[in-house]
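Written below as structure tokens is the structure these notes are about.
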Amino acid sequence: MQQKYDFKTIEEKWQKYWEERKIFKTDIDQEKEKFYLLEMFPYPSGKLHMGHVRNYSIGDVMARYYTMRGKNVLHPMGWDSFGLPAENAAIKNNIHPNKWTWDNISEMRSQLKSLGFSYDWDREVATCHPDYYKWMQWIFIQFFNNGLAYKKQNPVNWCPSCNTVLANEQVVDGQCERCSTPVGKKDLEQWYLKITDYAERLLDDLKLLEGWPNKVKIMQENWIGKSIGANVDFKIAGTDRIMEVFTTRPDTLFGVTYMVLAPEHPYVKELTRDTEFEKDVDTFLDKLQHLSDLDRTSGKYDKEGLFIGHYAINPMNSKEVPIYIANYVLMDYGTGAIMAVPAHDQRDFEFAVKYGIDIIPVVDPEDPEIDLYNLKEAFVAEGKMINSGEFNGLNNIEAIDKFIEYLEEKNLGKRTVNYKLRDWLISRQRYWGTPIPMIFCESCGWVPEKIENLPVLLPTDVVFTAKGDSPLTTSKSFKYTICPKCGGKGTRETDTMDTFLDSSWYYLRYVDAKNDEEIWDKLKAEYWMPVDQYIGGVEHAILHLLYARFFNKFLFDIGYAPSQEPFTNLLTQGMVLKDGSKMSKSKGNVVSPEDIIDKYGADTARLFILFASPPEKELEWSDAGVEGSFRFLNRVYRLVYELADLIKGASDNYEIKNTDDKELSYVLNSTIKKATEDMGTRFNFNTAISAIMVLVNELYRYKSLENLNLNLLKHSVKCLVLMLSPFTPHICEEMWQHLGNEQSLYFENWPKYDEDALVRDEIEIVIQINGKVKEKTYVTSGLSKDEFLEKVMENEKVKVLLEGKEIIKIIPVPDKLVNIVVK
RNA sequence: GCGGUUGUGGCGGAAUCGGCAGACGCGCACGGUUGAGGGCCGUGUCCGAAAGGGUAAGGGUUCAAGUCCCUUCAACCGCACCA
């Protein structure tokens, strides 16, 4: 160990040491409790950014900490390496996506290594590798064979810039999640996964996820969007057609004054054909179709509609009400048709006011403030049923069940549940993704490729045109094949899979990453799964985390995943900001991890990131703060360098000899206690580090004293190095070695604290009068309430303060405080 | 509009169960070391001369509130015509 803290030499030395000895390699060990720690794997864009560094620093501290606590920690890393940027780079720079991607992976892998993260690299996966996507295709075929993958023609979200379709989850504010281009509609035949079959379980099992942030659970709950209600049949007068609507408010059936069909509803054309309404309807539809989703849903959304010349018959009272089409009714939710109750639904109210339609109240709020027959807005709260025949007088909430019973009895409708969640559109018209292993045969229809023929390899003879068709269609070798079922002519599906499929199961593959016989050994999955701690950005709250739960549940159902849920605990780390906003090239406020590592070293970078803010919160980047962290490491380094010779011969058993010893021992043990609690239960690394800083300050005080207790000092310094090691492993290894240890500290135990050392003889207590602090004094610790009070009352200042006052009440909190209430 | 989160010194943040608000760090000031600068070591640093006041604003509960309850405001995030 040199006198000066030379982080470059030290970090290279120890990274090499760890790698050569395969320190971080993990295997099943039935003797030990397992701990599966996972950070979201990155897309190999080329360079790590600060968000990655934060994510992986948090993970690495936890991995190292749990290892020191005796857990068998699985800590893998890999690459979410299919995706659009590789293909765009191919078009732009004429580099094959494959080369572009693998170059980026090796660049980023070496960056991760330069940060000293404790990954078991033997388990590395890359989703673009045939060894991985082979099993992706295998899973797809399992979905297909279980009736959960299907192809259907539908108007789909289309990004004109990415030239591909998008899942609902990938449309954000009517724009493409990736490139922010407004999303349009296109009628295409596409593959879907039936995630809706799992809607109820995905919702229900959120209850099992006690270790997830509430925020994420609420977001998923809202996204799944369960509504309970009834489907009700309305006859269309003068036809044999039935208009089926979904409502969550069957209690308001008597208040229906009009009906609405979604403009795209098949009945609309049928009912208006060859009538005076046909022309207006066509104009209306035409206008709607030229609006993008963005325009249709954004802004003031003026409600607009059109009467189509037909009437529906209310099944409750046989009243005829007009049927409209309107822009606010969606085809792809419920039945694509609604009953409108203006008195008790705000949207219907606005529409009714605009078009002069009757407003009939059926729920009475019994509130003199509200004029029921002259409403200013819809009344949506609870009340008493009126104008509703035999249901009058009931509470409307209780009436809902009565209405449904009535409808079911008369065969006019039934109890129904609806979800906002839609099936997952997974086809992409792009090259750099997993080929969908399906073959179309004129006589057999869609047939999956035989398992023994997997993987269906991505062809290399393709042209990157970015024209809207999948580049796979340009391959001569790929498209034509034989039908696996009848042996006749077959054509391959040329679309590839949404890359979110690849990342929906990678955590399972890590348990047996190199297996080419099966997707993984079930016994290995049994040992390691579920992931005990998952760490990543909150931006994945819906997309990735919902898809991964869905995949895991499906794999559980077919016997491959051992648990219902994949991730027991989830930590969503906050963003890294600079000058109050997210680092981005366009804002020019990007701080490059490489530069920081170069200037201060990986240990400083890690320390600063963990010290500046608790993991869930946003982190404001501060160059001065980085300097501070660097200064602290230098301070620790000098301390150890200075003391190492002095304590070389000392023993690990120490005795407390004087008050200074006692003080050091107190600070040491309370630091261990605080750090242990902060790391293991709260993940508040910032306060754990600040506790360690307090210990360092105390050691500086102590070492300047005379008659040092070398045994105690040695013990303290060792504990300091061990506690700091999960945060800044390189410098700690170096100091550990300098203190005379031969083995890496990676397998050392986390220090234990001594409860007895935390008891102080005298404690400073606070004396309050009427809740205000008036005096601080020292008393013997551990006194009973009476003894404690007696001591307080002996205090001279208290006596003076209480003179001439009447004591009303005394609240003693021994070892802490007393509050005396006086008049 | 609905749902959620957050508001504490000049700054990042701490206060974990309702019990001393501001730990720790940054910045700043001063002192020591040094020929000087840097570095390092140390002291001080919420406001106020003091009594006292102070955790977005206002109210409430309590012996005691940054913490619990109500109202308002601001910022951020998610969803957004889902019947």
Side-chain angles (χ1 to χ4, degrees), chain A residues 172-174 213-223 225-227 229 245-249 252 260 262 296-298 301-303 326-330 332-341 344-348 350-351 418-422 538-539 541-542 574-575 577 580-581 607-608 611-614 616-629 631-632 634-635 638 674 677-678 681-682 684 686-694 696-697 700-701 704 764-776 808-813 815-822:
Chain A
V172 178
D173 294 333
N214 257 325
K215 177 190 164 77
V216 174
K217 288 190 276 189
I218 289 166
M219 279 165 72
Q220 292 210 355
E221 190 180 323
N222 292 341
W223 189 263
K226 180 178 182 176
S227 299
V245 299
F246 172 69
T247 178
T248 55
R249 294 292 305 276
T252 62
V260 186
R296 193 167 162 183
T297 55
S298 73
Y301 53 82
D302 255 358
K303 288 187 178 48
N327 58 356
Y328 75 97
V329 174
L330 308 170
D332 61 354
Y333 182 77
T335 61
I338 63 155
M339 60 181 226
V341 186
H344 304 295
D345 181 286
Q346 187 57 28
R347 293 155 301 180
D348 299 346
E350 284 165 26
F351 191 85
N418 264 305
Y419 301 93
K420 288 192 219 173
L421 184 70
R422 304 293 138 85
V538 74
E539 66 272 19
I542 295 173
M575 279 193 305
L577 308 179
S581 56
L607 185 71
F608 167 72
F611 177 60
S613 181
E616 279 113 327
K617 264 186 102 162
E618 291 174 340
L619 181 149
E620 174 70 33
W621 188 267
S622 147
D623 293 329
V626 179
E627 294 269 2
S629 294
R631 209 175 305 160
F632 171 71
N634 275 286
R635 193 168 149 85
R638 277 194 306 275
K674 173 135 185 72
E677 286 167 0
D678 287 353
T681 44
R682 300 203 310 161
N684 280 14
N686 55 331
T687 50
I689 293 167
S690 79
I692 295 170
M693 287 172 167
V694 171
V696 172
N697 292 343
Y700 265 83
R701 182 196 73 90
S704 66
E764 190 186 37
I765 60 137
V766 168
I767 299 167
Q768 297 179 332
I769 291 176
N770 288 343
K772 301 218 185 310
V773 179
K774 292 290 181 184
E775 169 73 334
K776 291 180 183 182
I808 295 170
K809 201 171 176 184
I810 302 181
I811 298 102
V813 185
D815 290 352
K816 226 175 222 163
L817 140 166
V818 61
N819 189 11
I820 304 166
V821 186
V822 300

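Computed over heavy atoms, backbone and side chain alike; hydrogens, waters and symmetry mates excluded. By convention in this document, chain letters (A, B, ...) are assigned in the order of the sequence lines, proteins followed by strands, and residues within each chain are numbered from 1.
- Considering only the side chain of A:T247, B:A83 comes nearest among B:C20, B:A83, B:G3.
- Residue A:I338 places its side chain closer to B:A83 than to any other of B:A83, B:G3, B:C63.
- Atom pair A:I689:CD1 and B:A23:P shows a separation of 18 Å (rounding to whole Å applied).
- Counting any heavy atom pair closer than 4.0 Å across all strands shown, A:S622 reaches no nucleic acid atom.
- One atom, CD1 of A:I218, and another, P of B:C2, lie 16 Å apart when rounded to the nearest Å.
- Look at B:C20: its glycosidic torsion is beyond 90° from 0, and that puts it in the anti range.
- Put simply, CD1 on A:I808 is 15 Å from C1' on B:A64, counting in whole angstrom units.
- Evaluation of the ring pair (Phe, Tyr, Trp, His ring centres under 6.0 Å) rule for A:W223 yields no partner, not counting sequence neighbours.
- Separating the CD1 atom in A:I810 from the CG atom in A:N819 is a distance of 9.5 Å, to the nearest 0.5 Å.
- Remark: the separation of the P atoms in B:A21 and B:C46 is 14 Å, to the nearest Å.
- For A:F611, there are no ring pair (Phe, Tyr, Trp, His ring centres under 6.0 Å) partners two or more places apart in sequence or in a different chain.
- Set against B:C79, B:G78, B:C81, the side chain of A:M219 has B:G78 as its closest nucleotide.
- A:F632 places its CZ atom 9 Å from the P atom of B:G25, with the value rounded to the nearest Å.
- The residue among A:S227 and A:I542 whose nearest nucleotide of RNA chain B is located toward the 5' end is A:I542.
- A cation-pi geometry, defined here as NZ or CZ lying under 6.0 Å from the six-membered ring centre and within 45° of its normal, holds between A:K303 and A:Y328.
- Note that the CG atom of A:L577 and the OG atom of A:S613 stand 9.0 Å from one another [nearest 0.5 Å].
- Atom pair A:I810:CD1 and B:U62:P shows a separation of 20 Å (rounding to whole Å applied).
- The line from NZ of A:K674 to CZ of A:R682 is 5.0 Å long, rounded to the nearest 0.5 Å.
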So if I define the base as every atom that isn't primed, P, OP1 or OP2, how would nucleotides 10-19 of chain B read as a B/S/- string at a heavy-atom cutoff under 4.0 Å?
--BSSSB--B
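- Between the base of B:C63 and the side chain of A:K809 there is no donor-acceptor pair shorter than 3.5 Å.
- Here A:K217 pairs with nothing under the side chain to side chain donor-acceptor pair (under 3.5 Å) rule; sequence neighbours left out.
- Taking the side chain of A:M693 as heavy atoms from C-beta on, and the options B:G3, B:G78, B:C24, the nearest nucleotide is B:C24.
- Taking 90° from 0 as the syn/anti boundary, the base of B:G9 is oriented syn.
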Can you give one letter per nucleotide of nucleotides 37-55 of chain B, going 5' to 3': B for a protein heavy atom under 4.0 Å from the base, S for sugar-phosphate only, - for none?
---SSS---------SS--
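- Within the 4.0 angstrom heavy-atom criterion, no nucleotide atom of any strand lies near A:G225.
- Formation of a donor-acceptor pair under 3.5 Å by the A:N418 side chain with backbone atoms of A:S227 is not found in this model.
- Rounded to whole Å, the separation between the P atoms of B:G38 and B:A50 comes to 33 Å.
- Scanning RNA chain B for stems, defined as runs of 3 or more consecutive Watson-Crick or G-U wobble pairs whose donor-acceptor distances all fall under 3.5 Å, gives the following ranges: B:1-7 with B:73-79, B:10-12 with B:24-26, B:27-33 with B:39-45, B:56-60 with B:68-72.
- Rounded to the nearest 0.5 Å, atoms CD1 (A:I692) and OG1 (A:T687) are 10.0 Å apart.
- Between the C1' atoms of B:G12 and B:G3, the separation comes to 30 Å (whole Å).
- At distances below 3.5 Å, at least one donor-acceptor pair connects side-chain atoms of A:D345 with backbone N or O atoms of A:D348.
- Between the CG atom of A:L577 and the C1' atom of B:A75 there is a distance of 13 Å, rounded to whole Å.
- Going from atom CG of A:D345 over to atom C1' of B:A83 covers 6 Å, rounded to whole Å.
- Residues A:K215 and A:M339 both approach RNA chain B. Their nearest nucleotides, taken by heavy-atom distance, put A:K215 toward the 5′ side.
- Using a cut-off of 4.0 Å between Lys/Arg side-chain N and Asp/Glu carboxylate O, A:R422 and A:D332 are scored as salt-bridged.
- A 4.5 Å side-chain heavy-atom check between A:N697 and A:R635 finds at least one atom pair inside the cut-off.
- Nucleotides B:G18 and B:C63, compared at atom C1', are 12 Å apart to the nearest Å.
- A donor-acceptor pair under 3.5 Å is formed between the side chain of A:N327 and the backbone N or O of A:D302.
- Between B:U34 and B:U45, the distance separating the two C1' atoms is 26 Å to the nearest Å.
- Atoms CD1 and NZ, on A:I769 and A:K774 in that order, are 6.5 Å from each other to the nearest 0.5 Å.
- When the P atom of B:C81 is taken as reference, atom CG of A:N222 falls 14 Å away, rounded to whole Å.
- When the C1' atom is compared between B:A14 and B:U8, the two are found 10 Å apart, to the nearest whole Å.
- Using P as the reference atom, B:G60 and B:G66 are 15 Å apart when rounded to the nearest Å.
- B:U55 and B:A23: their C1' atoms are spaced 16 Å apart (whole Å).
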